[in-house]
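Heavy-atom basis, side chains included; hydrogens, waters and symmetry copies ignored. Chain naming here is simple, since letters A, B, ... match the order of the sequence lines and numbering starts at 1 in each.
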Amino acid sequence: MTPLELISLARGRIRVRRLLNGLAILSAPILALSVALLAWQAALVPLWLAATVLLIVLGLLAALTKDHLLIAFLPPTSLEAAKELDSSLQSKDRFSTLAATEPHPRNPEQLAVIAVIQDQLSRFATRFSPVEHLPFRFVIPAKYSLGCSPPLIILLVLLLLREPPAVSSLAIINSALPQKIKEELQDLTERIEERKQTLPREIKQSLEGIAEKLVDSNELSPELVDELTQEISAVEKLIDEHIEERREQDRPPNKQPQSSYSSLSAPSLSQPQSSSYSQSASDGSAQQSSQARSDYQHSSASSKQDGGAEHQPQPASQSSQKDASATQQQEEQTGAKQNENQQKQGKAQQEQEGEEGKEQNKGGSTKGKEEQKDKQETVGVGEGRSKQGKASDEEQKSEPQGGESEEAKSGEAKNRGQGQNQPHSGNKQESGNQQQKEEALAKSLEQLNKKLDSTKQQEQKGDQQQQQAEAGQAKETQSKDEQGEEKRGEKQEKQQPSSAAKPPSAQQQSGPKNDQQADGQSKPEGQPAEKQQEAKKPGEASQNKQEPGQQPDSAPPPTGNQELGSKQSELQQGKTQRPLDGPPSSPKRFDPFAAEDGKSADEPLNATERVRVPMEDEKITGHLGAEEKQLYRNKQEAKARIAISDVELKKPESELSKEKQPLPVEYLEVLR
Amino acid sequence: MDVNSREVSQQVAAFLEIFTHTERELSRVIVGMRDTVRFTLVAIFAGGHVLLEGAPGLGKTMLVKSLAQLLGLSFHRIQFTSDLMPSDITGTQVLAEDPQGRRTFIFKEGPIFANVVLADEVNRAGPKTQSALLEAMEEKQVSVLGTTYPLPQPFFVLATQNPIELEGTYPLPEAQLDRFLFKIILASPNHAELKEILARTTGSTSVSLQPILDQKEIVDTIFAMRGLVRRVLIAPPLEDVLVGLIFALSPGNNRAPDMVNEYLRFGPGPRGAQSVLLAAKVLALLDNRVNVSVQDIKAAIIPALRHRLILNYQAEAEGITTDFIIEEVMKEVRT
């Protein structure tokens, strides 16, 4: 092989190598651009981010490759191939000289020198091996690019495998929906995406259908709004059912030790009582919850119907029951007392057994199962935990239950403008404008989002509790057995003197305990914050109703943990201190002007005037959206109180110049 | 391989033989200083002059004398002092009486009329004397009283200067320095070399050098070798490399790096590039090649350009040398 043939061979090999290097350099940028494009199409990143990625990739490509990419697709020259051969064969630029020198045919000396060079190079050609002397190697930019390619390929595969969202965020942003609905819809789609693995398929499809309908609709017609509202309420029902199912799944590990305890430790006579109690307790909790809501709604509705008539105070026993229920609600809001409830179950169950018998004797304290099941559905919105009692049952029965129960079920009466149950507001809504409907739709969406959040939290807590229950099951059973035996003995001693004729107040005082236990059984975990807040509203309302004579100055309304602490202490004092304040056998009379529990009736009453806010003007906002922010923004230009032009700028005059300087004594005569 | 190419190959082989033989013989007298000896011989075959710089007693005079003895060339030594006049170098016309009794002026040749001239401590003479020598180096002729006298060929000047005793000296101007092909800096001998020097110079044995060829043959050989050197090819890309290096060492040039602009007052001229290329060609022949490689250029550039770069005050204050600048530029310039 002559040196010139060797050079041409090297040219071909170098060309292939450059092409492969060029492709290797381009692999990572192409993959990166594909990832950016896919991410943009999947609405994971906005357009500007994808464009930024594009620019960065191009910049990096230019910086990394420099001229590698440019020369990659150009065929190498003979001189370049000769240089490669020189460097690989260490021929000291002989190939370069041979390739670059153009022999002059009339210069025999030059031809002779070139012949010498070729003669010397022929020795190199004999030991030339293309694989050894011109090996394929990646240039540094190609190495970087190939190094970046695997993660990009993984990203690409993940993006390709990713299920596209039903409604993209860009479509929501670009839609012509009102801002409020856009925000809520955005939240809804985010929640669907977050929980698409855990949500039941039916709920997920319904939610996606709602979102798609909203996005696809160019204008929100009243018919569409009504249709969507109905669909939302249907989905909320589905979610409620899902929550109930979930709760039922969570119950058995908590109930089982109780039943075993009752079967093991309680006497044979108490077994049917405990079982009946457990049923009645769970039913009672549902009744209580619905009752609390219906109380609140009824009071609000009645007050509205009465044209804002003053609220009639309720009996003190009922107020104490509602205090306890509100306390219990807050206790469950915190969710911190779950373990304590479980530990106290043995103790409280004994009390329940005793009280259960009384309730059974009274008869009629429980309602039909169908009605109870309906009430249980209200738990998803916010389980009212007012004490199940006779008075409340009667009150509930006396209420117009048709509309109230519907509201209690869906929990949307307030969000929907309270229109379905009240003829006046319903007429207004029917004849109302589109904007009100849209606001109602936005509120429904917000409510839906909150429900989704609550189901998520419940699932999380259910998992935690299951783990805790499995871990501490053995411990708790032992401690419960010990505590249960002790408490049972004490309780039996207490019940013997008071079992003959127990005053209703005592029954009512023990009511919160039952509630506590019943709630602890029926709802072992703390409710989600939003739901609990909603559930708290009726309790608060009832609390406001029940304390018309409370002095606002003497006791400022406790908030948060303070209130919770005070309620807990009241509950604890219910066992120990209240019997000391007064004889438990003397029932308190219903007195509209009576003072609160623990206060003497001789104390002067501070009459308070209850002011109701009309429901039409009431606006519940979970957060400040764009519209609310605009409301609080100062639209006018900020002006200084004192403008510079208002101030007259004068040269300050010294006071000394105005004063007359006294003449010195020595010049006094001269100057005069 | 045709006749011409075979002839070239033979010339290359003869060149290698003469060169290596001379080098080997010199190494019998000169201990160490391999680079000094090699570049001195390179300068002879490239047709240039050498400026040797080193401390006294390092063997500069010995090197030159041994070289002249080996090559069988005429040798003169001029000790430059401050009172040395140009005529003391070039020669002058003197009044002489011919056999007929007529008195006429005849030209009495100075010490510069020799094949190998050693200008010892050239920086001690005044500028006028230095310029007389340097004119002879460049033009290879001497003009006295309007009459031009050619110098004997080959003409080779080896000048030495002492970098230590600078008091009362006249540093050579840049234009005169440019006439030297190489400036070789003699390094002090190391431990082994010094022991060898002691053994050779203080013992009873003495080394006698014999000329490798007779005078007529050696002159023809040297000229033939010089012709062969000029036939060595350099590829255009390598010429670009050389030109790029020269421009990179020229302050103010757009290819010059910041360091060159910061420390250099003047850069090499075209004569510097010629010197580098000629030396590179000789080095290529020494490697049995008839083409210049980048390695040849890199090897020749420092001794060929170090005296052509003029440092500014800042570089001298900071102790920057021209060798350092050339090395840094070679690192930066893509070869």
task = Measure the spacing between CZ of Arg289(B) and CD of Gln120(A) and express it to the nearest 0.5 Å.
result = 8.5 Å
request  = Could you tell me the separation between the OG atom of Ser9(B) and the CG atom of Asp119(A), rounded to the nearest 0.5 Å?
outcome  = 6.5 Å
task = Could you pull out all residues at least two apart from Arg28(B) that satisfy side chain to side chain donor-acceptor pair (under 3.5 Å)?
result = Glu25(B)
Asn190(B), CG atom: more than 12 neighbouring heavy atoms under 6.0 Å = yes
Check: Leu79(A) and Pro237(B) side chains under 4.5 Å, non-hydrogen atoms = yes
key: Pairwise side-chain contact, Ile234(B) with Thr97(A), heavy-atom cut-off 4.5 Å (strictly under)   = no
message = Is any side-chain heavy atom of Asp93(A) closer than 4.5 Å to one of Val292(B)?
response = no
query = Hey, is CD on Gln141(B) packed in by over 12 heavy atoms from elsewhere, all under 6.0 Å?
reply = yes
query = Does any pair with a residue in residues 38-47 of chain B pass salt bridge (Lys or Arg N to Asp or Glu O under 4.0 Å), and if so which ones, sequence neighbours excluded?
reply = Glu23(B)-Arg38(B)
query = Which atom names give the shortest non-hydrogen contact between Thr101(A) and Ala235(B), and what distance separates them?
reply = OG1-CA, 4.5 Å
ask   = Just by modelled atom types, is the Lys92(A) backbone N or O under 3.5 Å from a matching donor or acceptor in the Asp287(B) side chain?
value = no
ask   = Less than 4.5 Å apart, any side-chain heavy atom of Val113(A) and any of Val232(B)?
value = no
Proximal component of Asp296(B), with respect to chain A [non-hydrogen, under 4.5 Å] = neither
